[in-house]
J.: 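Structure incoming, see below.
Predicted, not measured: the structure shown is a model, and the values here were computed from it.
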Amino acid sequence: MASGVSNGSGKSLAQWLRENGFDEEAVARMSRRCKNLQSLDAGEASGVWDYLLNSVKIERRKLRHVVAKCPKVLTLSVDGKLVPTVQCLATLQAKPGEVAQAIAKFPQILFHSVEEKLCPLLAFFQTLGVSEKQLAKLLMVNPRLISYSIEAKFSQMVDFLVGLGIDKEGMIGKILAKEPYIMGYSVDKRLRPTAEFLKSAVGLQGSDLRRVIISFPDILSRDVDKILRPNLAFLQSYGFSKHQVMSLVAGYPPVLIKSIKHCLEPRMKFLIEEMGRDMGEVVDYPQFFRHGLKRSLEYRHKVLKQMNSSCSLSEMLDCNQKKFAMKFGLVAAV
C-alpha cells in the first residue's frame, strides 16, 4: 500500500506527525487529548493513517482534521477494529464516499460497536416506518446517531412528538428522516420550549402546529430567545396581528428562522416602498419570503411595472422564470 510521507518506519511519533502536516502546537494538543499517544509506535499510527487515506478514501486534508480532533483514532487496530467497522458501515447501502464522509464528520463512530448497535437501532426505526435504506441515509448524514441511547434519547423524542399529536403511522419516521439532526437536541431543554413558544407566542395549535412541525421539523431545534422571539418581534413591529403572524408561520415556517437583516427586512421594505403593496398581501402568500430579492422580486416587479400590469403576489411569484415569461407574454407559448 503506497503511503507517501506517512511511512512511520524508524521514526518517533512526533517526527511522523510533523511530516504529515502537524505543527508542534498541534502535536502537543493532541498529546494532551490522548495520553496513549505518547506510547504509540509511529509504524502503528502510519498503518491507521494509510488505511483511512487509501482504503476508506478520506481526503488527506479531512484526515488531518480527523486526527487533530480525535487523535485516539491513531491507536485503533486496523484489522481488529477499523476494517470490521468500515465493512459494517458499508453494508448500509452507502453510496461511494459516504462512509468516508461519515467518519470525517464524527470520527468517534469508529470507537462504537457498530455491529452491536446497528441491529437494535434498525429494529427501533423500523417500528417508526423508517426503512433500512433510510436509516443508512440518516447515519451517513448524522453518524452521531450511533452513539445515542435508544431508551434515553430516541424513545424520549418519540414520546414528545406523540404528545404533540403526531402519532399517525409512519409520520414520526418521516420527520426524523427529513431532519436527522433534530435527534441531537434535548427534548426538555430545546424541543419542548420551542413547541411551547409556537403554541403560546405564535398561536399555533392542534393541526396547524402539527403541519408546521411535519413540513419543517428544523424549527423545533431553533433557540427561542436567539432566533424565534426576535423574528416574531420583527413581524409584530411591521404591524402584523397575532392571527396574521400565525398565518405567516403556518404558510411558511422558515419565516421564524430567516435572517432579519438579510432576508425579512429587505423584502418587507421592497414590498412596501418599491412595490407599493400592502403587507396584508404577504399573509395571503407567505412564500413571498423564500423568493430571491434580486433574481425574482426586483426583476419581476420591474417587468410588470414596464408592462403596466398588475397581479397578486402568488401570480407574480408562484412559477419559474420560463412560466413567468410565458404568462406575461415575454415569450411565445410553445
J.: Do L74 and E44 have side chains that approach each other closer than 4.5 Å (heavy atoms only, starting at C-beta)?
T.: no
J.: Taking side chain as C-beta onward, heavy atoms only, is V130 less than 4.5 Å from I172?
T.: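 Result no, sub-4.5 Å side-chain heavy-atom pair not found.
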J.: Are K72 and F111 in a cation-pi contact, defined as NZ or CZ under 6.0 Å from the six-membered ring centre and within 45° of the axis?
T.: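 Flagged: K72 positioned over aromatic ring of F111.
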J.: Please answer whether the main-chain N or O of V255 pairs with a side-chain N or O of N231 as donor and acceptor at a distance below 3.5 Å.
T.: yes
J.: Mark yes or no for whether S39, through its side chain, and N36, through its backbone, hold a donor-acceptor pair below 3.5 Å.
T.: yes
J.: Within the 4.5 Å heavy-atom criterion, are K323 and F328 side-chain neighbours or not?
T.: no
J.: Look only at the side chain of S46 and the backbone of A42, and say whether a donor-acceptor pair between them is shorter than 3.5 Å.
T.: no
J.: Just verifying a value: how many Å separate E132 CD and T91 OG1, rounded to the nearest 0.5 Å?
T.: 7.0 Å
J.: Please check: side-chain N/O of E315 versus main-chain N/O of S312, any donor-acceptor pairing under 3.5 Å?
T.: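 Looks like yes, one N/O pair under 3.5 Å.
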J.: Working to the nearest 0.5 angstrom, can you tell me the gap between Q236 CD and Q244 CD?
T.: 11.5 Å
J.: Decide whether a cation-pi geometry holds between R300 and F324; the criteria are a distance under 6.0 Å from NZ or CZ to the six-membered ring centre and an angle within 45° of the ring axis.
T.: yes
J.: So, the side chain of Q134 versus the backbone of S131: is there a donor-acceptor pair under 3.5 Å, distance only?
T.: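 Looks like yes, one N/O pair under 3.5 Å.
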J.: Can you tell me if K69 has over 12 outside heavy atoms packed within less than 6.0 Å of its NZ?
T.: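 Count over threshold, so yes.
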J.: Taking the side chain as C-beta and beyond, is there a heavy-atom pair between I109 and L139 under 4.5 Å?
T.: no
J.: Donor-acceptor pair, distance only, cut-off 3.5 Å: does the side chain of Q205 make one with the backbone of K199?
T.: yes
J.: Determine whether F289 and P254 make a side-chain contact, defined as any pair of heavy atoms from C-beta on separated by less than 4.5 Å.
T.: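 Not touching, per the 4.5 Å side-chain cut-off.
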J.: Do the side chains of R18 and D23 get close enough for a salt bridge, i.e. N-O under 4.0 angstrom?
T.: no
J.: CG/L304 to OG/S310 distance, rounded to the nearest 0.5 angstrom?
T.: 8.5 Å
J.: First locate atom CZ of R229, then atom CG of L232, and finally report the distance between them rounded to the nearest 0.5 Å.
T.: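 It comes to 8.0 Å.
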J.: Could you tell me which non-hydrogen atom of L118 sits nearest to which non-hydrogen atom of C88, and how far apart they are?
T.: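 That closest heavy-atom pairing would be CD2-SG, 3.7 Å.
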J.: Could you tell me whether a side-chain N or O of Q101 sits under 3.5 Å from a main-chain N or O of E98, the two making a donor and an acceptor?
T.: no
J.: When you measure from the side chain of S247 to the backbone N and O of H243, does any donor-acceptor pair fall under 3.5 Å?
T.: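 Looks like yes, one N/O pair under 3.5 Å.
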J.: Taking NZ, NE, NH1 and NH2 as the nitrogens, is one of them in E273 or K269 under 4.0 Å from a carboxylate oxygen of the other?
T.: no
J.: Would you say NZ of K174 has more than 12 non-hydrogen atoms from neighbouring residues, nucleotides or ligands within 6.0 angstrom?
T.: no
J.: When you group the ILVMFWY residues by side-chain heavy-atom contacts below 4.5 Å and let the links chain together, are V141 and L128 in the same group?
T.: no
J.: Would the distance check show the side chain of T194 and the main-chain N or O of S221 forming a donor-acceptor pair, the cut-off being under 3.5 Å?
T.: no
J.: Salt bridge check, R29 against E25: does any charged N sit closer than 4.0 Å to a carboxylate O?
T.: yes
J.: Could you tell me the separation between the CZ atom of F124 and the CD atom of E151, rounded to the nearest 0.5 Å?
T.: 9.0 Å
J.: Going through the distances and angles, do I103 and I58 end up as a side-chain contact (heavy atoms from CB on, under 4.5 Å)?
T.: CA-CA 8 Å; I103 294 172; I58 300 178; 3.8 Å; yes
J.: What heavy-atom pair brings F106 and I146 nearest, and what distance separates the two atoms?
T.: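 In this case the closest contact between F106 and I146 is CE2-CG2, 4.4 Å.
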J.: Look at atom NZ of K327 and say whether more than 12 heavy atoms of other residues, nucleotides or ligands are closer to it than 6.0 Å.
T.: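 It does: K327 NZ has more than 12 such atoms within range.
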J.: Under 30°, 30 to 60°, or over 60°: which ring-plane class applies to W16 and W49, parallel, tilted or perpendicular?
T.: perpendicular
J.: First locate atom CZ of F270, then atom CD of E298, and finally report the distance between them rounded to the nearest 0.5 Å.
T.: 5.0 Å
J.: Any non-hydrogen side-chain atom of Q108 less than 4.5 Å from a side-chain atom of S147?
T.: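 Q108 vs S147: side chains apart.
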J.: For Y148 and F154, take the angle between the two ring planes, folded into 0 to 90°, and tell me which bin it lands in: parallel under 30, tilted 30 to 60, perpendicular over 60.
T.: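 Because their plane-to-plane angle is over 60°, the rings of Y148 and F154 count as perpendicular.
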J.: Say whether V187 and Y181 are linked into one hydrophobic cluster, either directly or through other cluster members, by side-chain heavy-atom distances under 4.5 angstrom.
T.: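 Each belongs to a different hydrophobic cluster.
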J.: Determine whether L161 and D167 make a side-chain contact, defined as any pair of heavy atoms from C-beta on separated by less than 4.5 Å.
T.: no
J.: Under 3.5 Å, is there a donor-acceptor pair between the side chain of R190 and the main chain of S186?
T.: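 Judged by distance alone, no pair lies under 3.5 Å.
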J.: Take L313 and R277 through the test side-chain contact (heavy atoms from CB on, under 4.5 Å) and record every step on the way to the result.
T.: CA-CA 9 Å; L313 285 178; R277 292 177 181 258; 3.7 Å; yes
